[in-house]
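For reference, the structure is listed below as structure tokens.
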Amino acid sequence: MKANNPIISVPKKELPPALQKTLKQATRYEWITIGYLISVTTIMFITMQSSQAMKAAWLEDTLSLLPSVFFLIARKFYDRPPNSNFPFGYHRVFSIAFQLGAFALLALGLFLLYDSLVTLIKEERPTIGLVNLFGSNIWMGWVMIAALLWSAIPAMILGRKKMPLAKALHNKILFTDAHTQRADWQTAFAAIVGVIGVGFGLWWADAAAACFISISIIQDGVARLKGAVLDLIDQVPTDLKNKEQHPVVAQVHAFFRQQPWVKDVRIRMREAGEIFFTEVFVIPAQMTDILKQTADAVDKVKKIDWKLHDVAIVLVERFDEDQQRTGTDKCPPHS
Amino acid sequence: MIITRIKLLVLLLPLLLSCSDFPRDAEGTLNRIKSHREIRVGIIDGVSHPQPLAWYRREIDLVKEFAARLDSKTIWIHGTQSSLLELLNKHELDIAIGGYTEDSPLKSEAAFTKPYTEERITIGVYANEPLPEKIKGLTIVVTDAAVAAYVKSKEALPVIKNEISDTDRYAAGPERALRAMNRQVSDITLHTERRVIAVPKGENALLVEVEKFIADYESK
């Protein structure tokens with residue numbers, strides 16, 4: 001270690017013990033999810049044949065492997081401490097991966113919409129015949145419906161199990177993953193309706209269902225892309241849905257205002273993964289024992305929330321009016 | 001919430017299963033056949049061979065039996081493999097036959113049934129000869145160019161003749177034909193011909209009906 005290293009990195013991230021257990025649980029669920037999704041994509045690929053809706057559902061399911069994979073890779077990086085080369089740590093890698101995944105989803109949705117519309121315009125009719133299963137001949141449509149149910153029901157259950165874990169860990173990747181899986185029933189349901197429609201002779205039902213599914217994929221992709229971009233441009237910490245300012249922002253500000261040695265205070269916060277970086281700009285009321293006061297304050301404020309991992313106090317003479325702009329209409333409202 | 005949705009779906013399905021009229025045709029082809037009691041069959045023009053090939057005759061027999069099962073008379077319409085598929089999709093034809101195979105490049109143009117027969121193209125030798133392990137370098141007599149190509153791909157030397165005679169030591173062709181010549185057939189598969197029947201795309205009731213018929217026909 002160089003003696004005159006000018007750089008100081010942020011503290012290594014550590015989850016409180018209760019949450020470490022939650023993280024282990026979440027990891028287990030994500031491994032189960034990956035195994036399950038591999039089975040789903042295989043089965044769907046074998047059964048999809050000429051159904052446009054099933055093709056859409058299959059592609060969506062294949063891409064949904066990404067958040068689970070990202071989460072597990074991120075876990076490896078959790079153990080890597082920040083260093084002189086990367087003093088802020090490695091979390092941004094996930095934000096980028098998340099953004100690429102969101103982009104892939106959006107691109108996929110757009111392609112599928114185009115493909116489905118073309119199928120509809122060209123009046124392509126899905127052909128679904130018999131299949132020999134365990135010795136008897138049944139209509140392939142039933143097999144497709146069974147595959148779609150398999151792609152939806154366990155996903156919904158897994159999503160429900162992961163949601164509370166994601167909220168406790170304040171983990172956006174896990175949250176997005178859980179949220180999408182819970183909504184998986186919509187895609188499968190649309191595809192099932194499409195297959196049944198074809199069974200009733202409505203050849204367009206399949207392509208129409210595929211259009212519906214692609215639109216929902218596009219919506220999902222846009223929402224995720226927006227979230228990823230906001231994260232990358234250091235938006236003030238928000239709730240998991242990126243809708244409202246996280247309450248901890250106001251809490252930290254209130255804490256410092258109450259300190260007797262503080263005349264006035266402004267803060268600046270951003271997220272890096274689940275960790276919030278805080279810079280506290282204080283106009284001190286008095287300078288006696290200021291080092292001890294600030295050190296104590298940092299220790300105490302961190303107890304408000306485990307996510308307050310890095311708090312830096314900056315003593316200033318005054319606040320610049322210019323720096324107190326309230327931002328654009330896109331600023332999340334105070335909760 | 002989830003349980004209610006699952007229950008709903010599970011309740012719906014038996015309802016549909018009880019509908020004997022499921023799946024249905026997009027253009028009601030099967031119903032039309034049944035109500036008019038006639039089935040329009042597309043067939044490729046007579047093949048340029050001294051006599052119609054065995055598979056050609058078999059396909060015609062198959063269709064005749066299918067029509068009989070539906071209590072319909074057949075109307076034969078001639079054309080080429082591609083023109084017949086065009087007519088199918090324009091709903092000017094109900095089914096089409098003429099050597100369509102499962103791996104045909106035309107398979108995206110129509111709905112092919114499951115194969116009604118599988119024909120193994122293999123090597124045939126004299127009844128008392130040992131079967132060759134490999135055919136590389138051997139001279140093998142064939143009666144058509146496609147089989148010649150399969151033979152060449154295994155690095156053997158094909159010779160095309162009008163028919164396979166008893167003096168030809170090694171011959172290649174459909175397993176059935178080789179056995180009919182009292183030859184022993186090898187385990188080596190040069191190619192598997194899976195023959196299918198074509199129906200219009202989207203006519204799933206007709207497709208299912210034909211496939212059910214094929215399944216029964218095969219088991220006979």
Sequence neighbours excluded, the answer for ring-ring contact (aromatic ring centres under 6.0 Å, His included) partners of B:Tyr150 is B:His191
For the residue pair [X] and [Y], what are the closest heavy atoms and their distance?
{"X": "A:Thr127", "Y": "B:Gly202", "answer": "OG1-N, 3.4 Å"}
{"X": "B:Leu207", "Y": "A:Gly129", "answer": "CD2-CA, 3.4 Å"}
{"X": "A:Arg125", "Y": "B:Ala26", "answer": "NH1-CB, 3.7 Å"}

Subject >> Heavy-atom check, side chain of B:Lys212 versus side chain of A:Leu130, under 4.5 Å >> reply: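 Yes; the side chains approach each other to less than 4.5 Å.
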dist B:Asn204:CG -> A:Trp203:CH2 (nearest 0.5 Å) comes out at 13.5 Å
Give a yes or no on whether [X] atom [atom1] has more than 12 heavy-atom contacts from other residues, nucleotides or ligands under 6.0 Å away.
{"X": "B:Arg69", "atom1": "CZ", "result": "yes"}
{"X": "B:Trp76", "atom1": "CH2", "result": "yes"}
{"X": "A:His179", "atom1": "NE2", "result": "no"}

* Top of B:Val208, B:Asn89, B:Val199 for chain A proximity - count of heavy-atom pairs under 4.5 angstrom ->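 Winner by heavy-atom pair count: B:Val208.
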If one checks every heavy atom of A:Ile128 against chain B at 4.5 Å, the contacting part turns out to be both
